[in-house]
Every structure is written in C-alpha cells, then in structure tokens.
Q: 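Below is a structure I'd like to ask you about.
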Amino acid sequence: MSEQEKSDFIREIINEDLKTNKFNGRVHTRFPPEPNGYLHIGHAKSINLNYGIAQEYGGKFNLRFDDTNPEKEEQEYVDSIIEDVKWIGGKFEEKILFASDYFETMYEYAVRLITKGKAYVCDLSGDQIREYRGTLTEPGKESPYRNRTVEENLDLFQRMRSGEFANGLKTLRAKIDMASPNINLRDPIMYRIIHEEHHRQGKQWCIYPTYDWAHGIEDSLEGITHSICTLEFENHRPLYDWFLEELEVYHPRQIEFARLNLSYTVLSKRKLLKLVSEKHVAGWDDPRMPTIAGYRRRGYTPEAIKNFCDIISVAKRDSVIDVALMEFSIREDLNKRARRAMAVLHPVKVVITNYPENKTEELSAVNNPEDEAAGTRMLPFSREIFIEQDDFREVPPPKYFRLSPGKEVRLRYAYIIKCEKVIKDEAGNILEIHCTYDAETKSGMANAGRKVKATIHWVSAPHAVNAEVRLYDRLFLKENPDEAEEGKDFLSNLNPHSLEVLNSCKVEPMLGSAKAGERFQFERLGYFCADAKETKEGAPVFNRIVTLKDSWAKIEQKEKP
RNA sequence: UGUCGGGUCGUCUAAUGGCAGGACAGCGCCCUUUGGAGGCGUAUGUAGAGGUUCGACUCCUCUCCCGACAGCCA
C-alpha cells in the first residue's frame, strides 16, 4: 500500500484541519502508554497510526509515558516499551517524555482552577463519592464540600500536597455539573492522595493527577495537534475540552478510533498479566503472546506488523480482525526474504539400497526461489537419509502423492526414489524404509524431467545436525476466548497444544550455525526463527513462526467425515 | 428506561448523491522439482421500513441491533 493511498477518517480530519489552518499547518502526534505492562499488537496499531501520520505529513511524533499512577507502574515496563516502540519503527522526537515531569505545572494549573472557583477539595470517602455520583439514568447530588471558599480550598490543597492527610481522605474535584447526563462531568476527581514511591519522582509527591486531568495538559504542553486515543475515551472528550478551555491554554483535538481485537487472542492488559503471573505462558515474550516482545521472539518482522496495521486500517466501528490476516502478513513478507532450508521434524530413516556405501555427493540447492540474489548452497547426500514420517504411508489414503510401498517420489534437489520394503520391529513400528534410487534422475540431468507426483524434503543422516524445534499454535481454542462456560473465564479456552517441543529434529548442516533471530523457511513446513535466547552454535533451537499454507492438510481434513 | 458512538461480502475495509470495489478467508482451474509461491476465474454484502431525488451505502424520518460510560485505573 503506498503512503499516498492511505485514507481513513482520521487523515480526513487532519486534511480538513490543514485546509482551515487550524493548527497553523502543524501535525504533531504522540503515543502515550502507561508503563504498567508490555505493549501488545493493539499498541502497534496505535504506534503505526500516530507515527505514520507524523511521517506522512512531515510532522512530529512523541513517545510519552503516562505515568500518573505509582501503584501500578514500574521501570521494567518503561524499558520494555522503549525497546518495543523502537523495534516497531517508531522514531520519537529528541527525547522520551514523561507525564510525571509535568507534575509541578499540573499543580499550578490546579491552583488556577481553584482560584477561578472551578475546583474544590472534597472530604467524601470513595463510597460516598460513588453514592453522590448518581447512576446512568439518575442525576447525582452535590457534595457538601462543594462550596468551600477559594481560600479554604487553596489551603487544603496545599496541605494535601504536603502530606498532611492519609490516602483517600481528600480529593480535588472539578466543579462542573452533578446532574450532567455524561457521568464524566459530575465533578470528576483531579487529584487523589497516594502515599507511594513513584518510579521516577521518588517520594516527591503524595498527590497524583488522574488521567482526565493530566492527559489534556500533557498534550497541550507538548503542542500536540491531534490527540488520538481509543473509543472508550469518547465520553471523556467533553471533559478533555472543558479542562483546556477553563485553563485557557493551547487546545489539541482529541480523536477516537476503535481499538484492535484479534480472533483467538486476548488483548487486555489485565488478562495478559494474568497469563504471565499465573505462568500459563513462559513470560511476556513467550512466542504465543500477542505482545510485541512475543511476536519478536516468535520471529515476526516489524515490516509484517506494519503491513498488517496498514491492511486493517482504522475506523470507529468495533471489529474483530481475523488472526489469519496477521498470518498472511508474515507469510507474505518471509516468502520473499527467508532463505529456504531442509529440516526434518519427525524423522524416519530411509536407506537407499542401491546407492554406494561411503559415498557422499554435494548437491546444489536454491536458497530462495523468490530472490535470485540469495544464491545457492551445497547439500550433502548419502545412502542414508531422514525423511518426514508424514511423507510415508504404508497404506496411502486417496490423493496421497507421497512415498508408499512400490511408489516413487522425488527427493528435493536429488533423485527419484522408489519404496521397496518397510522394516519394522516386533511391535510393528517402522524402523527403516528401504528404497532404490534412479541414478539418471539427479536434479539437473537429462532424465531429471521425469514426472513424479510429489517432491519431499530430506536430510542426509550422517551429516544431519540435531535441533530442538518448538511448534507454536494459537493460544486459545475459541475465536472469542472470553466466551466461556458458566462460572469459567477465558483461561478455560486455553489451547493445551499451543506448544509442542520436538527434541530430535534433523536439520541440514548449514542450520547448525544459525544465528539468534535468523529466519528460515523449512521447505514444505513453514517459517522458523532461531530462538533469540536459547539457540547455540551446533545446538540450534527454532521457533515456528507460522506454517506454510498446507493444501494437503485441507484435502485430508475434507476426506474425514 | 440517561449520554455518547457505531451498523457495507464469512472477516477487515473502500465508494461522501452517479457502475457497490479491494484484501484476507472459501471454492474451482492452470502452473509448479516446496501439495509453498505464482496466475486465472468464481461466489457472497449496503440492518429494516418509509421519504427526498432522474438517481441513495451516502441526505431526512422512524424502527431494530451492537458497543462504551456509574475507579480516588488509563
């Protein structure tokens, strides 16, 4: 998709603002995560949107941490978020920003509102505040503390700051309208008392601004033009606007879009945290997690993620994106870029009885048929090879084109072989398959053109390297994991087979020195990535990124009743 | 029975008063030394009812359906 063609309701708004010169021709966006968890694919959508817009319009982009709640936030999350935003490709202006750096200004602004008679210190408890707020259909009641004098409010607010009161004893509230049909306008809380150490401010503060109070100020201070957030903040926009108007400061425009939902996936921070803390997965970067760190470890590329974000576009209606679109994006990317390799995951030995013992040939193999520049490599071939158990059936089902007794297949880049005999143990397990080869059918020879129905992959037994391969699948069995039985939650929909570890895989020699993070297509199987943390020279560990589209699997599925 | 927002192929998304198009998924065929890739083709959609108009996905009215909001979370 070319940048020119991109069009959505947000870009339309920006075009309109540019036309009317609303922000003097400026475009300045931001990505404002709270450092209370790892970034996930939904955040990638937001980064791609905000950063993409800044880039397209020659504007600016800020990375700003919305660190206004010390009870939930940690430095570990700050670090991971910075790494993830960079990996996704978001380049932020000069330095990383923190809402907590504006705390002093926010305090002064609050004093300004108090002085205007637009904010007051309230002594109501949490329960009382809820009670006074009213309900969705009934108006609320005014707090008995609502009409304190400016002097009293100023004094109390100063004493809140200086630590005179315990948590929850007092709040600073905006004086708006307790009867507003929009609950957010019923005297919302601006400051609460939290005696807790902040990851950047230490013990400097014991009052912390709420999101509604803080966010618009952050945007205003940074000169943001378009403050893009998700739909659940739509009802907060009147409040965002109210604060900035009362403050009489620079006023950005808030625009809301629908957050990303992915089938077979959960994307709420709470649920992701639960998966990690209850050890249903191995950590935030477990390759099954929809976190940026998880996708990275799995082997996804930033380009594929960007492409995915472009495909799904952005709108206001709620939607659930088919996870197949994500899989399509990574396949499309890796098909063009990943070098091909031979790997046998479930090996069974084949002995080519008419091939000389002790002979080894070097056969030329193409590294990437989609990219001639990737060149070729040599593949050792010998009398004993491994093939995939699945590529042999003693009793072949209909339409099965691979090896079976008396039948021929081509070995990729090598010869056509014919199955002559199956050697089993007493229990009936297949130990070896004995084949003969046709020496005239070597890849590239005159007779090589002889047609056989199938080509299978293989690895020379004496040259094979042992590898561990981790087969990852969807983490959840249900399209909507939240759709659980009575009394159960999304965890009951976990896929028990989302990870299968194979320890005795046989791979071609070149793969023995795969570097951490390197990606390959294992021919006929899928795309794999050498694990970033655990792969070692001579003892490689591969993560399956995604399978190849497998039309045989589909045929087989259909044959079954 | 509050306020705000939303409803276009199975799934996303275009068309902003002028041929309902694209992608993914599906199906069929061709091609193929990866049952991959690629090529070609095919089916499927404007929530409903009225109205305005030469002409409506688009504008108006009503109805229906879905989502968000009653944290001192963001």
Side-chain angles (χ1 to χ4, degrees), chain A residues 1 5 7-8 12 32-34 36 66 68-69 71-72 122 124-126 129-131 133-140 167-173 180-186 188-194 207-208 210-212 214-215 229-238 256 258 263 269-270 311-329 331-332 335-336 340 342 366 369-370 399-402 409-414 416 441 443-444 448-457 521-526 547-556:
Chain A
M1 194 180 303
E5 283 172 89
S7 134
D8 52 64
E12 271 171 33
E34 184 190 13
N36 69 343
D66 207 3
T68 57
N69 185 351
E71 288 176 318
K72 296 187 170 183
C122 183
L124 254 26
S125 70
I129 285 180
R130 191 177 316 123
E131 191 190 319
R133 187 156 33 222
T135 69
L136 293 175
T137 50
E138 298 160 309
N167 287 0
L169 249 35
K170 284 183 167 41
T171 56
L172 184 73
R173 301 177 69 179
S180 170
N182 181 345
I183 290 195
N184 298 122
L185 263 20
R186 319 241 261 232
I189 288 162
M190 296 162 61
Y191 275 95
R192 67 286 211 207
I193 299 170
I194 306 174
I207 56 170
Y208 289 92
T210 57
Y211 169 87
D212 285 314
H215 205 86
C229 61
T230 45
L231 244 32
E232 65 267 30
F233 294 105
E234 211 159 14
N235 294 340
H236 294 244
R237 182 163 16 102
E256 312 85 11
S263 60
K269 277 192 187 176
R270 207 200 91 242
I311 289 173
I312 63 172
S313 187
V314 53
K316 290 197 79 160
R317 69 177 80 105
D318 303 299
S319 61
V320 181
I321 308 286
D322 190 338
V323 76
L325 260 169
M326 189 75 192
E327 296 171 353
F328 163 78
S329 292
R331 280 195 193 103
E332 188 190 41
N335 177 47
K336 293 188 211 104
R340 315 286 127 128
M342 300 279 240
V366 172
E370 305 289 321
K399 293 185 192 165
Y400 185 84
F401 301 150
R402 287 115 97 163
V409 289
R410 169 173 292 282
L411 296 175
R412 179 87 157 146
Y413 298 122
I416 291 173
T441 57
S443 214
R450 182 146 70 86
K451 295 282 181 216
V452 274
K453 279 269 193 177
T455 298
I456 64 172
H457 61 277
Q521 183 198 98
F522 290 177
E523 294 217 19
R524 303 208 305 132
L525 297 173
T547 59
L548 251 32
K549 264 197 266 179
D550 182 357
S551 54
W552 163 244
K554 221 175 279 172
I555 292 167
E556 207 172 24

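The chains referred to below are lettered A, B, ... by the order of the sequence lines, with proteins before strands, and numbering in each begins at 1. What you are looking at is a predicted structure, and each value in this text was computed from that prediction instead of being measured.
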Q: For A/Tyr208 and A/Thr68, which heavy atoms make the closest approach, and how far apart are they?
A: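 So the minimum-distance heavy-atom pair works out to CB-O, 3.5 Å.
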Q: Is any NZ, NE, NH1 or NH2 atom of the basic residue among A/Lys316 and A/Glu234 found under 4.0 Å from an Asp or Glu carboxylate oxygen of the other?
A: yes
Q: Can you check the distance between B/A43 and B/G26, where both ends of the measurement are the C1' atom (answer in whole Å)?
A: 9 Å
Q: Between the side-chain atoms of A/Arg410 and the base atoms of B/U33, is any donor-acceptor pair under 3.5 Å?
A: yes
Q: Decide yes or no, distance alone: a donor-acceptor N/O pair under 3.5 angstrom between the base of B/A74 and the side-chain of A/Asp66.
A: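 Answer is no: no donor-acceptor pair is held.
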Q: In whole angstrom, give me the gap between the P atoms of B/C60 and B/C24.
A: 35 Å
Q: When you measure from the side chain of A/Arg317, which nucleotide among B/G7, B/U33, B/C24 comes out closest?
A: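 So the nucleotide nearest the side chain must be B/G7.
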Q: So does A/Ser443 reach the base of B/U33 with its side chain, donor to acceptor, closer than 3.5 Å?
A: yes
Q: Which is more 5' along RNA chain B, the nucleotide nearest A/Pro181 or the one nearest A/Arg133? Just name the residue.
A: A/Pro181
Q: What are the two closest non-hydrogen atoms of A/Thr547 and A/Arg331, and how far apart are they?
A: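 Of all heavy-atom pairs spanning A/Thr547 and A/Arg331, the closest is O-NE, 2.8 Å.
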Q: Base, sugar-phosphate, or nothing for A/Lys554, non-hydrogen atoms under 4.0 angstrom?
A: sugar-phosphate
Q: Which heavy atom of A/Pro369 sits nearest a heavy atom of A/Arg340, and at what distance?
A: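 In this case the closest contact between A/Pro369 and A/Arg340 is CD-CG, 3.7 Å.
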Q: Expressed in whole Å, how much space separates the C1' atoms belonging to B/G48 and B/C64?
A: 7 Å
Q: What interatomic distance, in whole Å, is found between C1' of B/U11 and the corresponding atom of B/C73?
A: 32 Å
Q: Using Watson-Crick or G-U wobble geometry with both distances below 3.5 Å, tell me the partner of B/G41, or none.
A: B/C27
Q: When you compare B/C59 with B/A15, how far apart are their P atoms, in angstrom units rounded to a whole number?
A: 13 Å
Q: Using the P atom on both, measure B/A14 against B/U53 and round to a whole Å.
A: 31 Å
Q: Give A/Ser313 one of three labels, base, sugar-phosphate or nothing, depending on what nucleic acid heavy atoms sit under 4.0 Å from its own.
A: sugar-phosphate
Q: If B/C12 has a Watson-Crick or G-U wobble mate with both distances under 3.5 Å, name it; if not, just say none.
A: B/G22
Q: Nearest of B/U1, B/C72, B/G35 to any side-chain atom of A/Trp552?
A: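 Ranking B/U1, B/C72, B/G35 by closest atom to the A/Trp552 side chain puts B/G35 first.
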Q: On a whole-Å scale, what distance lies between the C1' atoms belonging to B/C12 and B/U46?
A: 16 Å
Q: Are the aromatic rings of A/Trp552 and A/Tyr400 close, with centres under 6.0 Å apart?
A: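 Judged by ring-centre distance (under 6.0 Å), A/Trp552 and A/Tyr400 do meet the cut-off.
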Q: For the side chain of A/Arg402 and the base of B/G35, is some donor closer than 3.5 Å to an acceptor across the two?
A: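 By the distance-only test, yes, there is a pair.
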Q: How would you label the contact of A/Ser263 with the nucleic acid (heavy atoms, under 4.0 Å): base, sugar-phosphate, or nothing?
A: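 Answer is nothing: A/Ser263 stays at 4.0 Å or more from every strand.
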Q: Between B/A20 and B/U58, how far apart are the C1' atoms? Round to whole Å, please.
A: 12 Å
Q: Mapping A/Glu232 and A/Phe522 to their closest nucleotides on RNA chain B, which lands nearer the 5' end?
A: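 Whichever sits nearer the 5' end wins; that is A/Phe522.
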Q: Decide whether A/Glu332 and A/Ser329 meet the rule of one side-chain donor and one side-chain acceptor closer than 3.5 Å.
A: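 Their side chains do not contain a donor-acceptor pair, so the 3.5 Å distance test is not met.
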